[in-house]
**Student:** 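Structure provided below as structure tokens; questions to follow.
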There are 2 protein chains.
Amino acid sequence: MAIPETLRWDGDSLALIDQTRLPAELCWVTCTTPEETAEAIRAMVVRGAPAIGVAAAWGMALAAREAVALPRDAALERLRAAASTLAAARPTAVNLAWALATVLAQAEASPGDGAALATVVTREARRLHDADVATNQAIGRAGLAVMPEGAKVLTHCNAGALATAGYGTAVGVLRAAHEAGRRLHVWVDETRPYWQGARLTAWELVQLGIPATLVTDGMAAHFMARGAVDRVVVGADRIAANGDTANKIGTYGLAVLAAAHGIPFYVAAPCSTFDLTMPTGADIPIEERPAEELTHVWGRRLAAEGVGVANPGFDVTPARLIAGIITEAGVLEAPFEPALQAALAATNRSYSAT
Amino acid sequence: MAIPETLRWDGDSLALIDQTRLPAELCWVTCTTPEETAEAIRAMVVRGAPAIGVAAAWGMALAAREAVALPRDAALERLRAAASTLAAARPTAVNLAWALATVLAQAEASPGDGAALATVVTREARRLHDADVATNQAIGRAGLAVMPEGAKVLTHCNAGALATAGYGTAVGVLRAAHEAGRRLHVWVDETRPYWQGARLTAWELVQLGIPATLVTDGMAAHFMARGAVDRVVVGADRIAANGDTANKIGTYGLAVLAAAHGIPFYVAAPCSTFDLTMPTGADIPIEERPAEELTHVWGRRLAAEGVGVANPGFDVTPARLIAGIITEAGVLEAPFEPALQAALAATNRSYSAT
């Protein structure tokens with residue numbers, strides 16, 4: 001079975017795979033307004049930095065539909081309000097803000113009334129959607145350089161097709177190596193508290209036919225010490241100018257463990273994840289998520305009553321622990337600051353040319 | 001509310017808190033035969049290295065009751081068979097084998113028929129039970145040296161009252177510091193896949209009034225990097241002659257992370273956890289537990305179908321990562337080999353003298 005499309009534009013609505021219900025059920029949520037789209041992002045119906053960027057772009061297309069009969073200024077106002085609502089849905093991944101800014105800039109730079117803007121915005125959302133898939137395929141090709149025959153790879157969270165418009169970033173790297181005929185073994189961290197590994201990455205790897213073993217997050221070090229892991233690859237939600245990388249909580253610990261075992265640690269992410277306005281990772285906002293994600297499973301309390309709970313959704317891995325950042329512009333290595341600038345300049349050039 | 005007794009001898013049966021149902025329900029399982037006791041250990045109704053040692057000793061008392069009318073040789077045979085059944089219940093914790101050998105040696109060294117042996121075995125089980133509580137209190141007192149006012153302590157799994165006949169080992173150290181009036185903050189790893197932290201340690205700390213925050217296992221490094229953790233203390237299931245320590249899966253990774261952040265990592269365990277027949281941790285048997293502990297929660301499938309699963313119940317932390325082993329004979333430091341030998345000799349002497 002092929003992996004179905006994470007996001008599907010139906011001409012007047014956006015259909016999202018409900019990732020909160022996978023793998024038990026494969027069903028879709030339909031968004032017809034930017035507010036519904038923001039809510040779907042907030043509720044993690046759709047998650048993963050590239051996917052929420054593309055979802056937000058389609059949310060702008062829904063806003064533009066609502067503004068189709070309005071004069072230009074009112075239509076732009078509606079678009080800006082929608083962008084603001086969508087941007088507030090989740091704080092850590094920069095792709096969300098990036099996609100919204102891209103769509104809004106395109107609208108502002110284009111002439112015409114609400115009807116004309118709706119055409120522009122919808123076309124731009126489609127372009128971001130298709131570009132994301134193409135970007136991920138390019139990341140996969142670039143990753144072949146660090147994913148040899150027989151690689152024993154550990155991954156965390158889900159940076160797969162479900163986290164993107166398609167193909168995946170970290171899972172895209174595994175997928176490209178698999179499609180190139182290389183035998184891999186993948187260790188999948190279950191990724192508490194939201195189980196993206198157990199629910200989503202494991203599901204994708206089974207569909208793709210890539211051999212995979214599910215482990216708890218606390219088992220990674222044990223298998224590293226036994227020589228059963230020889231590289232780690234994860235996605236990213238935001239990469240600061242110096243290469244510091246925010247990703248799902250648990251990533252930083254894995255990077256420290258990888259370094260202690262002499263195992264290279266890779267980040268796979270599109271250049272849209274770079275945030276060069278942040279000098280280091282210290283300023284990246286870290287989302288605090290609901291305590292219930294730790295204390296309850298399926299609405300039923302599991303943890304003891306009365307205990308405090310911390311639930312940061314992300315952590316920051318310092319650049320010094322990262323062997324390479326696998327992007328559509330190739331595998332970037334330290335020093336990351338000039339490498340990121342050059343990659344972003346190159347992709348912006350090629351992006352403008354398309 | 002005080003923490004109720006983990007194990008209670010009722011004169012003709014052994015009552016165990018059913019730890020599989022905590023914290024939602026506090027209820028007891030009654031064992032009337034050594035086979036039922038072995039099954040309770042296997043099913044983790046009772047768990048924790050010291051607790052399963054004491055439970056096994058009471059299992060021997062149940063066997064001795066069954067043999068009360070038998071002549072000496074037949075009674076001893078029944079005891080040896082029971083010891084064999086109980087020893088097979090779980091492989092990693094050495095306390096189980098240690099307690100069984102202690103009880104059996106006492107029976108073999110005592111004169112008389114089944115009735116006489118029943119008296120001896122029951123008295124020996126009571127002695128091991130009471131000695132475990134006293135040992136843990138001594139561990140707590142010894143731990144005061146490394147648990148200062150304001151300590152920010154991370155613990156993993158449950159090495160509390162529930163893991164022992166009472167008071168706890170790692171939690172006993174926290175408890176002794178709390179009782180000495182020191183303010184602590186405890187980070188509780190939820191401890192996947194069996195949730196001993198979320199279910200049991202969090203429950204104990206709430207009862208004890210010790211401020212505690214529940215985190216997922218993957219969050220430890222994040223809080224270490226932020227300076228929110230300044231020591232780690234865990235229990236042990238078996239400690240090899242060189243100090244290598246088997247404990248709940250996830251412990252080794254924590255020790256590596258602690259070292260990387262300059263945070264001292266302590267093991268709290270009675271000398272009965274030492275296994276000087278094992279030169280290093282490499283030979284400690286690691287229990288592989290059922291895949292369902294990862295794939296299902298409350299009997300309902302959570303992980304994707306078709307994915308492989310690994311579920312080692314324990315890992316081994318090398319001695320070089322351990323700042324100290326907190327025992328009833330004091331805090332042992334490297335070089336561990338002579339320190340463990342001396343501590344064991346000292347406790348055996350005091351043990352024989354009681």
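Naming: A, B, ... by sequence-line order, numbering from 1 per chain.
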**Student:** Determine the option with the most heavy-atom pairs under 4.5 angstrom with chain A, choosing from D315(B), D217(B), L205(B).
**Tutor:** D315(B)

**Student:** Please list, chain by chain and in numerical order, all residues satisfying ring pair (Phe, Tyr, Trp, His ring centres under 6.0 Å) with Y266(A), sequence neighbours excluded.
**Tutor:** none

**Student:** Sort H261(A) into side chain, backbone, both or neither according to what part of it lies under 4.5 angstrom from a heavy atom of chain B.
**Tutor:**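 Only the side chain of H261(A) comes within 4.5 Å of chain B.
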
**Student:** I'd like to check the side chain to side chain donor-acceptor pair (under 3.5 Å) partners of T20(B); sequence neighbours left out, ordered by chain and number.
**Tutor:**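 T20(B): side chain to side chain donor-acceptor pair (under 3.5 Å) contacts with D18(B).
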
**Student:** Given heavy-atom pairs under 4.5 angstrom as the criterion, report whether the side chain, backbone, both or neither of P312(A) touches chain B.
**Tutor:**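 For P312(A), heavy atoms of backbone and side chain both lie under 4.5 Å from chain B.
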
**Student:** Where along residues 298-311 of chain B does a heavy atom come under 4.5 Å of chain A, listed by residue number?
**Tutor:** W298(B), R300(B), R301(B), L302(B), A303(B), A304(B), E305(B), G306(B), V307(B), G308(B), V309(B), A310(B), N311(B)

**Student:** Between P318(A), P23(A), G250(A), which shows the greatest number of heavy-atom pairs under 4.5 Å with chain B?
**Tutor:**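 Heavy-atom pairs under 4.5 Å are most numerous for P23(A).
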
**Student:** Could you pull out all residues at least two apart from R192(A) that satisfy side chain to side chain donor-acceptor pair (under 3.5 Å)?
**Tutor:** E190(B)

**Student:** Mind listing the closest non-hydrogen atom pair of G218(B) and I249(A) along with its distance?
**Tutor:**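 In terms of heavy atoms, the two residues are closest at O-CG1, 4.2 Å.
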
**Student:** Can you tell me which portion of I286(A) sits under 4.5 Å from chain B's heavy atoms? Options are side chain, backbone, both or neither.
**Tutor:**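 Only the side chain of I286(A) comes within 4.5 Å of chain B.
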
**Student:** Could you report the tightest heavy-atom contact between V297(B) and V297(A), atom names first, then the distance?
**Tutor:**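 Closest approach of V297(B) to V297(A), heavy atoms only: CG1-CG1, 3.8 Å.
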
**Student:** Would you mind telling me which of T216(B), V215(B), T251(B), V316(B) has the largest number of heavy-atom pairs within less than 4.5 Å of chain A?
**Tutor:** T216(B)

